[in-house]
Structures are given as C-alpha cells and as structure tokens.
Peer 1: 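Below you'll find the structure I mean.
Values reported hereafter were calculated over all heavy atoms of this structure, with side chains retained and with hydrogens, waters and symmetry mates removed.
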Amino acid sequence: MLELSLAIRDVEGGLLRVLGAIERRGFRLAAVNTRTAPHGLDLDLSIEADGRPAEVLLRQVARLHEVMRASIDVVRSRGPVARAPT
Amino acid sequence: MEAAIARVAGTHRPAEEAQPLRAGAAPTIVASVAAVAPLRGAEVLLRALEREGVDLVFGYPGGAIMPVYDALVDSPIRHILVRHEQGAALAANGYARASGRVGVCLATSGPGATNLVTGIADAYLDSVPMVAITGQVPTALMGTDAFQEVDTFGITLPIVKHSYVLRDANAIAATVREAFRIAREGRPGPVLIDFPKDIANTMVAPEHAGLHQAPATGIAAERTEIPQVARDDVQRARKLMLECERPILYTGYGVGLAGAHDALRELVRATGIPVVSTLKGLGGLPTDDPLFLGMLGMHGSRAANYAVQEADLLICVGARFDDRATGKLAGFAPDAKVIHLDIDAAEVSKLRYAQVHLVGALAALLPALRCAPRIDAWRARCAALRTQSLPRYDAPGDAIYAPALLRRLSELVPAETVIACDVGQHQMWVAQHCIHRSIDRHLTSGGLGTMGFGLPAAIGAKLAKPAAPVVCVSGDGSIMMNIQELATLRRYGIPVKIVLLDNASLGMVRQWQELFFAERYSEVDLSDNPDFAVLARAFGIDAHTIERRDEVEQGLRKLLDAPGPCLLHVRIDPRANVWPLVPPNRANHELIEPGETHA
C-alpha cells in the first residue's frame, strides 16, 4: 500500500485529473481524503500498487499542471521513499 | 507553389499572409492592444491566438463555435476548412510536427468535439504541441443534455496535457497564453480549451481583456543549463561510457522535439558509438550514416536488434522503451546497463530501470557526454551486422515491389522533402526503406497508430513548409479513413503528392492472421475498393495508376513533376509482407525473415 500526499490548485477538473491519472497508470485507489486549502485542495490517498514502481507514479502525478506538491510513502516502510521536485 | 497554396476559394488574402513564421521566430503581433471599444469574447480569443503567432488554424464550423467563426471574418488568421473534424486535428498535428510550432484546430461542440478526439489522442501519445479549441453550449445549458452538448472536458481528460473550460470572459487571453506555454514546454502535448457560446459572446472591456501581456511563444520551452544536481550524474554516465565495451545509442523522437539533431550527431562523431532509432526517431542521425544500424523493434533491422541485444550499455536519448521497440521487455537488451536522457522525468525507469538518468534539455545534456570509449572491435561487429542486414531490392517477378518503389521515391525527391505516412505495412516500409535525414521530415503516427493520419498530416505539413515538397504515403485501408480531405487538397490547391500502395486488403492485419492465426483471414479483404484514380479525379485531383514494375520510374516522375496535388495509385501484391518481424512476446533477437518459422 502506498500513501500519496498531494497539494493541488483549485482548477476545474483538477481532482478528477489526478484520480484518473492514478487509476489509468494501473494503481487502485483504496481511500481518498480531501480537504480544502488556501491553494485549492490537499489530498491524502491510499493506493494499492500491484508491483508498479511508486516513484514512477509519483513523477507521473507530479507533472500534472494542477499538482503543486507531491510525496509518497510506502506503508510500513521507515520513511518516505520519494518526493517529487516542486 | 506558394501562390497555389494561397489560392483559397473565396479568399482575397495574398500569399505572403499564408507564410508561417520560422520555427522559433518571434511572433508578429498583429493585434491592436490599443483598442478602446469592448471586444466580444470570440474576438479576444482570436487576438490572443494572433499574439501567440498563430496565422493558420484548421477547423470546421458549427452551432456553438459560430461566434468564433464570425470573428474569423475580421481576423488575419487563415482558416483551413477541412471536411471532417478529425482532419482538422490531424492537420494541426502534422503542421506542428513539421514546423515545431503549436498546431491549432477548431471545432464545434458535441460531434465536432468528439471528432477531434482521435487527433488529440494522437498528439498526446506522440508529444505533439497542439491547442484544440471546441465550442460548447452556453454555460446555463451545460449539464442539461442540451443539443450538441457533450462533456468535452471529461472526454478528453486522459488524452490532453491540460484542459480548460472557459467560464470567465476576462480570463480568455490569459488562458490562451497558458495553454500555449503548456503545449510547448517540457515534453510537448495537446491542450484543450472548451469555449461556451455565451462566454464567446460576452463583451469584454479592453482593460480587462488581458491582451497586453507578453505571449507565451516568447518563453523558452526548455531550460538549457545543466542543473548542479545533474552534474554528478553526467560524470557517472561518462564513466559508464568509458568502461563499457558494447555501447549503443538508442534514440527517439525526443531528439527532434528538443532540436537536438546537431548535438546527437556531434556526440556520435565524438564517441563513435553506433546508433539505433525508434520509428519516430528516424532521421536523428541520417539513416545512410555508417554508424546507423536501423530501426529497432518489431519491424526493426537485424543489425539494430542484434546490436541492442548484445549491448552492455544502452544510452537512451529521448525514447521511452515502447513495447513496439523493446519486444518482450524482460528479454530486451539483457546485458545492458541504461543511461536515460529525457525531458520528462516520468519516463525514467517507467519500463526499464536506468542506472543513470539525466532529465533536462537534450541539446544541453548531450554535449556533456562527449568522450572517447575504446570500442573498435564493437564498431567492427556493428558494421558487419549493418552490411549483413542491408535490404535487397531484387525481388523476382514483374509485380511492383513496394520497398523498392519507396527506396526509389526517396532517391528522387529533394532532401528537404517531408514524407507523411499512414499506418500499416506501408508505414513500416517507409521507415525501413526511405532515407531519413531529419526527424521533422518523417511524419508518422507512432504511439496511437492512427489510420487516416497521413493525408491530413501531409496537408498540415505542406502549409507549414510551403517550400518543401510533401509526399503522403498511404494504403488502401488508411486512405479511406480520411479520403474526404482530398477535397481540402483541391479547395486550396495544396500540392501534396500521394503514393497510394493498394494491396486490396488490410495488409498488416492480414499478415498477422497469416503468421499467427493459422491463415484464418477475418475481415481483411478490401478487393471491392473503389478505383482510386477515378475517385481522386472526382475530387479534382490528378491521378494515375501503375501495376507493373517497369511503370514505377515513369509513374513516380509523373507524380513528382505534377504542378498541383496528384495521386499515384500503385497496385501491389496482396501477399507481400513486412520483414523482418519480431513475433509477439518474443525478444528482439528472435526476429524472423521470409520462410522462417516462429514456432
């Protein structure tokens, strides 16, 4: 299980684009927690990976125009395995 | 020739207005920013496009986009009326590929927008900078299942780099500017702007129109310096290059997108490392260069595929380990470490782990890799492989041998000729047998594999590069996917030359059914095709048919010498196959040639 944390801009379709990108890249959304923030939305996502590399997903999500910050943790690991450049 | 292109039915615009800007040139700003009268939203949109240097758009009018078409009457932007919206998207796509500029297409809401989808998806998968503008029903009707309402934003969400619904007329210019920036920057791609009709009709005060800001076209698309953090990786890459014994440069379309032809060629000269290319990377290094081993992958050359499989270092430059290039991924270049150079960080280690990755502008990164590995024995091995896998054109018989015809075509045309392909066997023959000298002169739908791409892409390319000859190579299956664009050729007198290879079947599918489905042929027979020469003439296009080998030379010369658009209908053997071929789920060294089995 992966824990993906995102900050996204308040733009039309931003949430849909992010969630869709995750699913289309072969990951399954297990839980989605959103809260409004001054910049738009903060998201905490639990994702089932099925063997695909988490770092690649992170970069695929981080390149979306509405994504301001992205980081990913592997649950039960000692700490963050990757953090996308902002 | 230029005058012919500008000979638009019903237009009075002089030819010089039809000339595109040089790639990378500063845009000519023709919009008046000192306007004092309020502007309609549609006018703001067009002025914003003009400020981005747009002088040509491809489109088809309809209800929801009518305000934009009304504003076009007073705009210096030239509009090319295609006969199907897919033609507009693919022509804009071809325009962008050939020129490096952002291609623009217009369509109305509903079916107009859905007809653009294939061309947008094609641009997404092939990283082509495009802006697609779609009309939309008025905002008050959005979400009510109104006439010609579809959720264009939602439909295109997975196939665009970014997209907008314009809900604020004061944001039109800023949105256009941002759309152009996103379409071009980093790894290019398509951006969609959905434009509701009421917003297009809204009056905007000049001080709120946002037309005073600098256009995005003037912003550099890529950073050209190597960031400090990458310098260590450059050193690691050079160390791998100096320590290896069997390196290969594996190059892709990213080289063309980055304008890194020269940097690649200088690196090849400096290092002497042999080169293989993806389908879309052909021309990065001229294909007649002694160090070029050919295309790799499913229909790649024996030399390219064997060399990659034997390599101990793959330097991947602007390519993405696509399945058509790698064959069975687990068996691809099994002994090789990987250095991956790309502008898109998301491609790094997506399919193949890279020991070193360098993310950034290729034109800046490639010179940093110059070194002199000692690989004489490896170069000799690759040269021998290259010699052994050179194609032969002496097939027996009187029937036209398509690879030989295409090779001859490639020899006859000037070096600056653009070849736009459709999709199928002929596409692979063009890749294998034409001489490619520059990536932007070989337009081919690599990612999506869009049958019907060739003709509209050729139209876009010819309008982007009026001085360059443009040849469309198509098949009898593909041409029928966008045959209506012959009317566009005729309407504007666009002198595209079409070579139509007619094997009376869906050749690539037939080949696979022959080889991998026990010759159980299913829905591939097209022997009831229309007479393509007669059909072309019905559109007002000059056309000829050839079917014997001794007619090839004269047929090609007649085609190329024709002053306007012309179609050469070439009947070929329906049983002809594309070789070599890597069977599905096999490694690339397991390729087969005619007469070999794949069991």
Side-chain angles (χ1 to χ4, degrees), chain A residues 2 4-29 32 34 39-41 43 45 47-74 77 80-86, chain B residues 121 124-125 127 136 139 142-143 151-168 171 174-175 178-179 181-194 196 223 227 229-230 320-321 329 340 342-354 357 359-360:
Chain A
L2 307 172
L4 178 62
S5 297
L6 303 173
I8 67 173
R9 291 187 182 86
D10 181 19
V11 295
E12 183 162 355
L15 179 60
L16 279 178
R17 197 186 308 272
V18 167
L19 299 183
I22 293 167
E23 289 204 328
R24 279 191 299 279
R25 293 298 182 177
F27 294 81
R28 199 181 78 81
L29 289 162
V32 178
T34 72
H39 52 262
L41 281 179
L43 310 179
L45 311 169
I47 299 168
E48 292 178 7
D50 199 22
R52 296 199 179 194
E55 293 84 353
V56 175
L57 174 68
L58 180 65
R59 290 193 287 264
Q60 288 167 335
V61 171
R63 71 177 176 175
L64 297 175
H65 181 66
E66 46 272 271
V67 173
M68 301 166 65
R69 289 188 302 278
S71 62
I72 202 163
D73 293 311
V74 178
S77 76
V81 297
R83 193 166 296 277
T86 55
Chain B
Y124 182 72
L125 284 173
S127 307
Q136 184 54 277
T139 49
M142 288 175 70
D151 177 10
T152 306
F153 182 91
I155 287 170
T156 56
L157 206 55
I159 55 166
V160 294
K161 197 171 169 189
H162 195 62
S163 47
Y164 305 87
V165 179
L166 265 173
R167 295 182 186 270
D168 177 2
T175 301
E178 187 172 85
R181 175 177 62 76
I182 292 172
R184 293 175 63 243
E185 77 180 357
R187 179 179 183 171
V191 178
L192 178 118
I193 300 173
D194 203 29
R223 295 173 59 186
V229 68
R320 58 185 177 91
F321 295 88
L329 188 61
H340 195 161
D342 207 292
I343 190 70
D344 183 2
E347 287 301 336
V348 172
S349 297
K350 183 179 79 175
L351 290 162
R352 173 69 180 257
Y353 175 71
H357 59 264
V359 174

Peer 1: Taking A:Arg59 for its side chain and B:Val348 for its backbone only, find out whether a donor-acceptor pair lies under 3.5 Å.
Peer 2: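 Yes; at least one donor-acceptor contact below 3.5 Å.
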Peer 1: Could you state the interatomic distance from CD (B:Glu347) to CD (A:Gln60), rounded to the nearest 0.5 Å?
Peer 2: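 Rounded to the nearest 0.5 Å, the CD-CD separation comes out at 7.5 Å.
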Peer 1: Run the side chain to side chain contact (heavy atoms under 4.5 Å, CB included) test on A:Arg63 and B:Lys161 for me, step by step, so that the C-alpha distance in whole Å, both residues' side-chain angles and the decisive distance to 0.1 Å come before the verdict.
Peer 2: CA-CA 9 Å; A:Arg63 71 177 176 175; B:Lys161 197 171 169 189; over 6 Å; no
Peer 1: Just wondering, are more than 12 heavy atoms of other shown residues or ligands nearer than 6.0 Å to CZ in A:Arg9?
Peer 2: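 Counting neighbours around CZ of A:Arg9, more than 12 heavy atoms of other residues, nucleotides or ligands fall under 6.0 Å, so yes.
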Peer 1: Using non-hydrogen atoms and a 4.5 Å limit, figure out which bit of B:Leu157 sits close to chain A: side chain, backbone, both or neither.
Peer 2: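 Looking at B:Leu157, backbone and side chain both touch chain A.
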Peer 1: If every non-hydrogen atom of B:Val160 is compared with every non-hydrogen atom of A:Arg17, which pair is closest and at what distance?
Peer 2: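 Shortest heavy-atom separation between B:Val160 and A:Arg17 comes out as CG2-NH1, 3.7 Å.
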Peer 1: At their closest point, which heavy atom of A:Pro53 faces which heavy atom of B:Ser349, and how far apart are they?
Peer 2: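 Closest heavy-atom pair between A:Pro53 and B:Ser349: CG-O, 4.2 Å.
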